Amino acid sequence: MDLPPFYCYNSDDDRKEDVTQVIQDQVASAINKILGTKEVAFNTPPKREFGDFSTAVCLSQAKVQKRAPMQIAEDVKNELAKVRLPYIKEVIVTPPGYLNFKIDHPRYVKSLVNKVTKEKELFGRTNVGRGRKVLIEHTNVNPNKAMHIGHIRNAIIGDSVVRVLEKLGYHVEACNYIDDTGVQVADVVVAMLYMDAPIYDGSGDFNAIWAKWDKSQSFDYWCWDVYSRVAQEYETNAELKAKRADVLHMVEAQDNAVADFAKEVASRIVETHLATVGRLNIYYDLLNWESDIFHRGFWKTAFESLKAKGAVVYETEGPNKGCWIVKFGRGVFETETGLKSEDKVLVRSNGTVTYTGKDIAYQMWKFGVLGQDFLYKLWGIQANGDELWTTSQSGVEMGRFGKADKVINVIDVRQSYTQHIVYDCLKKLGFTKEARNSVHLDYEVVVLSNAAAAELGVDVDGDEAGTQAMSGRKGLGVKGDDLINTLVKRLSEKVQTEKSTNVLAAAAIRYFMSRISTSKMIVFDFDEALRTTGDTGVYCEYAHARACSILNRANEAGLFDRKQAGVFRSVKVPDNVTLPEENLVKKVEEFAGVLRKAGKELSPAPLAHYAFELATVFTDFYENPDPDAEKQVPFIKIEEPVLRNYRLALVDAFRQVMANCLDALGIVPLERI
RNA sequence: GCACUCGUAGCUCAGUGGAUAGAGCGUCUGCCUCCGGAGCAGAAGGCCGCGCGUUCGAAUCGCGCCGAGUGCACCA
């Protein structure tokens, strides 16, 4: 498959303002001039005595120059002494030939603190994405049951990437695809209409059907059980199973009472899903309904293009006889069990279109190359104040959605193959640029540890290592709302307000899902997910709240005015910057780079790790700001105004950057817990 | 069979070419007259799955194994 396009952009321009980058660029160009090299890579020395950053460039030069690396390093050091390098205090050579550089800390700290103070919530942002529109589709949960923690992982990754790319200057559109015409919705409809008495009489009156819903449960929870029950019933009840095809057929026809009922079921479930993810601070710009893809005839248009380009062929023989297929893989081949085909069917022999077929048309719409559009109407205003729009048969034309330069589909890794086919078909249609700009953000799934499964009542040995896949059909899984509720309950004892409790629970869950690489399976364990100490979102929030608390105390004592912008702008930095201070400032500076990394990898994981490291260095600074002193003095009780103001400025810089980082992770920073 | 992903401390994970491989949880030992103890300081715990290569230098790159998982539908 082609390389994801996000690896291609050149972000060099955006690093020009980083203080360390400025310093390293000057050192690098000086070294390049001396050695005649083109590039110098820097890294961090293992020991603080060596300096702030170093390079092994002399080691690789040893072979070229056929001289000892130590000797080269010494020569470079001597040459560098003749050049004026601002911010560099000292150059040290260590075996086997490293060049180490010491920074003039007071100047460095001052310029960085001033930068954070000036840029505030903009600190760390860049504009690499300027002028480019990215459409990110995520969540995409079948609207037939409650969301489980696997769906939650998808939504958290998707929403985090939306936030990161916005901070990198892209124009981002977040879409949530609603498959309201698929078998899963049909199954719940079958269950509601035909599984229990009273059976639907075909009258178009659904009052008796809705009355089956046990209102002591939310609708999505009730459907969760109903769906797993009907899946079991199918095994023994062929008559019921036959109803599925009927319902599916009516839903696709869209011109009958059952189709309207199905839409009503799906809509109600979508509302519950939006409520669930809303608790986690996740929002969208647009809901895209599969029924509208049918209605607007997207497939027909795409199909004509595919035929015109010869990308699809009609099979007159072989295993796919009577189907329109796209050639793929090895094509038709013989196996022990007979003829098999790796080609992908887009139109079945009964004339209906497969999901992949619809997806090709839909992907074309996302890039604005289908030549057709949805109709839209306002769904409502979300809790964050933003409008949420939806495609709709009764909507109006609008020019603002789709037409993206890049499209990111957040779908679990099991669908890599079909995504590949969709992008490949785009290429076959002549949309090579669009195919290249299509990204499958393929994260790994969430499974249950045996212990977690045992807690849910599954018949497994909870003491044994191993995992259980979640399954909607079996009704096996941890529901998102259950996890949130459990956390809220645990946290509420020690948190002052209900609002803070909810934010903190969301922080814990988002952090838990974000810290693990998207390429790694999450083996869900209750103890781990509910933990509030150590490497958690709660710890990060706590550090932030503590910083706010210090600043508030200082404010109350009249030491400075928090509301008054720029009070720290001209902060004086003492001559001796302590190690904890230095570590904090260096970590603060890393934020912009971490944000870029998250954007490049399309993953919240780097930001989560960074947030924890930032919280840790801050806590160290707070506990022990001056390790050489006999006694640590609380910042607000420092008598000397220069030192006190400086330490408070560092607290404020930390507070700002932690808030920015949490925001990128979709976590609301708390002033108080 | 083919393809992709994963394998690092008892457990959960960072680290993707640099110097002595890091965190958290759990275990053990200490620390609340003090800005928020959801914390801090310390101890113990590693053939970075195995082998061969590339390189001055490999957990990191290449090849080959081993183990775990996923995909290869006229399901989505």
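Lettering of chains follows the sequences in order, A, B, ..., and the numbering in each one begins at 1. Keep in mind the model is a prediction, meaning the values are calculated, not measured.
- At the heavy-atom level, Y417(A) lies under 4.0 Å from the strands shown only through sugar-phosphate atoms.
- The distance between atom CZ of F524(A) and atom C1' of rC11(B), rounded to the nearest whole Å, is 16 Å.
- Between rU16(B) and rC72(B), the distance separating the two C1' atoms is 29 Å to the nearest Å.
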Identify the pairs formed between an N or O of the protein and an N or O of nucleotides 58-61 of chain B at a distance under 3.5 Å, and give each distance.
none

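- For the pair T354(A) (side chain) and V345(A) (backbone), a donor-acceptor distance under 3.5 Å is present.
- Listed pair K63(A) / rC56(B) meets the phosphate criterion, a side-chain N or O lying under 4.0 Å from OP1 or OP2.
- Here rU12(B) presents its P atom at 23 Å from OH of Y539(A), a figure rounded to the nearest Å.
- Remark: S291(A) pairs with D180(A), K263(A) by the side chain to side chain donor-acceptor pair (under 3.5 Å) rule, at least two apart or across chains.
- For the salt bridge (Lys or Arg N to Asp or Glu O under 4.0 Å) test, residues two or more places apart in sequence or in another chain that qualify with D424(A) are K428(A).
- The phosphate of rG36(B) (OP1 or OP2) has a side-chain N or O of R553(A) nearer than 4.0 angstrom.
- Every stem involving RNA chain B, taken as at least 3 paired positions in a row under the Watson-Crick or G-U wobble test at 3.5 Å, is listed here: B:1-7 with B:66-72, B:10-13 with B:22-25, B:27-31 with B:39-43, B:49-53 with B:61-65.
- Remark: the separation of the P atoms in rG24(B) and rG39(B) is 10 Å, to the nearest Å.
- Here N350(A) does not reach the OP1 or OP2 of rC74(B): none of its side-chain N or O atoms lies under 4.0 Å away.
- More than 12 non-hydrogen atoms from other residues, nucleotides or ligands lie less than 6.0 angstrom from NZ of K102(A).
- Base engagement by V495(A) is indicated by at least one non-hydrogen atom pair under 4.0 Å involving a base atom.
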Please report, to 0.1 Å, the donor-acceptor pairs under 3.5 Å made by any side chain of residues 514-523 of chain A, with sequence neighbours excluded.
{"from": "S514(A)", "atom 1": "OG", "to": "R510(A)", "atom 2": "O", "distance (Å)": "2.6"}
{"from": "R515(A)", "atom 1": "NE", "to": "D535(A)", "atom 2": "OD2", "distance (Å)": "3.4"}

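- Taking side-chain N and O atoms only, R546(A) has a distance below 4.0 Å to OP1 or OP2 of rG37(B).
- Every residue two or more places apart in sequence or in another chain was checked for a side chain to side chain donor-acceptor pair (under 3.5 Å) with Y355(A), and none qualifies.
- Among the heavy atoms of the strands lying under 4.0 Å from I516(A) are primed sugar atoms or P, OP1, OP2 only; no base atom is included.
- Nucleotides rG46(B) and rA14(B) have their C1' atoms positioned 15 Å apart, rounded to a whole Å.
- Remark: the backbone N or O of K145(A) is paired with a side-chain donor or acceptor of H273(A) at under 3.5 angstrom.
- The side chain to side chain contact (heavy atoms under 4.5 Å, CB included) check on L248(A) picks up V183(A), A186(A), with sequence neighbours excluded.
- Counting any heavy atom pair closer than 4.0 Å across all strands shown, A545(A) reaches a base atom.
- Following rounding to the nearest Å, L346(A) (CG) and rA73(B) (P) show an atom-to-atom distance of 14 Å.
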Using residues 48-57 of chain A as the side-chain source, report each donor-acceptor pair under 3.5 Å to any protein atom, sequence neighbours left out, with the distance given to one decimal.
{"from": "R48(A)", "atom 1": "NH1", "to": "E582(A)", "atom 2": "OE1", "distance (Å)": "2.5"}
{"from": "R48(A)", "atom 1": "NH1", "to": "E582(A)", "atom 2": "OE2", "distance (Å)": "3.3"}
{"from": "D52(A)", "atom 1": "OD1", "to": "H105(A)", "atom 2": "NE2", "distance (Å)": "2.8"}
{"from": "D52(A)", "atom 1": "OD1", "to": "K586(A)", "atom 2": "NZ", "distance (Å)": "2.5"}
{"from": "D52(A)", "atom 1": "OD2", "to": "I103(A)", "atom 2": "N", "distance (Å)": "2.6"}
{"from": "D52(A)", "atom 1": "OD2", "to": "H105(A)", "atom 2": "NE2", "distance (Å)": "3.3"}
{"from": "S54(A)", "atom 1": "OG", "to": "N43(A)", "atom 2": "O", "distance (Å)": "3.4"}
{"from": "T55(A)", "atom 1": "OG1", "to": "A41(A)", "atom 2": "O", "distance (Å)": "2.9"}
{"from": "T55(A)", "atom 1": "OG1", "to": "V57(A)", "atom 2": "N", "distance (Å)": "3.1"}

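- Residues meeting the salt bridge (Lys or Arg N to Asp or Glu O under 4.0 Å) test with E137(A), sequence neighbours left out: K366(A).
- Here rC74(B) presents its P atom at 15 Å from OH of Y314(A), a figure rounded to the nearest Å.
- Between T467(A) and L504(A), the one whose closest nucleotide on RNA chain B sits nearer the 5' end is L504(A).
- Whole-Å rounding puts the I522(A) CD1 to rC11(B) C1' distance at 16 Å.
- Taking the P atoms as reference points, rC74(B) lies 40 Å from rU60(B), given to the whole Å.
- Separation of the Y362(A) and Y177(A) ring centroids falls under the 6.0 Å cut-off.
- Comparing rC13(B) with rA59(B), their C1' atoms sit 14 Å apart, to the nearest whole Å.
- Atom CG of D626(A) and atom C1' of rC35(B) are 16 Å apart (whole Å).
- A side-chain donor-acceptor contact under 3.5 Å links Y511(A) to the backbone of A608(A).
- Between I550(A) atom CD1 and rG39(B) atom P the separation is 16 Å, expressed in whole Å.
- rC56(B) and rG51(B): their P atoms are spaced 23 Å apart (whole Å).
- By the neighbour-count criterion of 12 heavy atoms within 6.0 Å, atom CD of E640(A) is densely surrounded, having more than that number from other residues, nucleotides or ligands.
- In this structure, CH2 of W299(A) is placed 14 Å from P of rC74(B), rounded to the nearest angstrom.
- In this structure, rC13(B) shows a glycosidic angle more than 90 degrees from zero, which is the anti conformation.
- The closest donor-acceptor contact from the side chain of Q468(A) to the backbone of N450(A) lies at 3.5 Å or more, if one exists at all.
- Nucleic acid contact for K321(A): base, since at least one base atom lies under 4.0 Å from a heavy atom of the residue.
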Summarise how protein sits on nucleotides 15-24 of chain B as a single string, 5' to 3': B when a protein heavy atom is under 4.0 Å from the base, S for sugar-phosphate-only contact, - for no contact. S--BBB--SS
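- E639(A) and R644(A) are not joined by a salt bridge, as no carboxylate oxygen comes within less than 4.0 angstrom of a charged side-chain nitrogen.
- Remark: Q363(A) pairs with N409(A), S438(A) by the side chain to side chain donor-acceptor pair (under 3.5 Å) rule, at least two apart or across chains.
- Going from the P atom of rC66(B) to that of rC50(B) covers 15 Å, rounded to whole Å.
- Between Y542(A) and rA38(B), a side-chain N or O to OP1/OP2 separation shorter than 4.0 Å is present.
- Within the nucleic acid shown, I325(A) has no heavy atom closer than 4.0 Å to any nucleic acid atom.
- At a threshold of 4.0 angstrom between heavy atoms, the contacts of E613(A) with the nucleic acid are absent.
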Identify each atom pair where a protein N or O and an N or O of nucleotides 4-6 of chain B are less than 3.5 Å apart, giving names and distance.
{"from": "rU5(B)", "atom 1": "O2'", "to": "S519(A)", "atom 2": "O", "distance (Å)": "3.2"}

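- Just one residue in the list I667(A), L662(A), V594(A) forms a side-chain contact (heavy atoms from CB on, under 4.5 Å) with L607(A), and that residue is V594(A).
- A donor-acceptor contact under 3.5 Å is not formed by the side chain of S549(A) with the base of rC35(B).
- Of the candidates rA41(B), rG36(B), rU70(B), the closest approach to any side-chain atom of R414(A) belongs to rU70(B).
- Separating the C1' atom of rA9(B) from that of rA21(B) is a span of 11 Å, rounded to the nearest Å.
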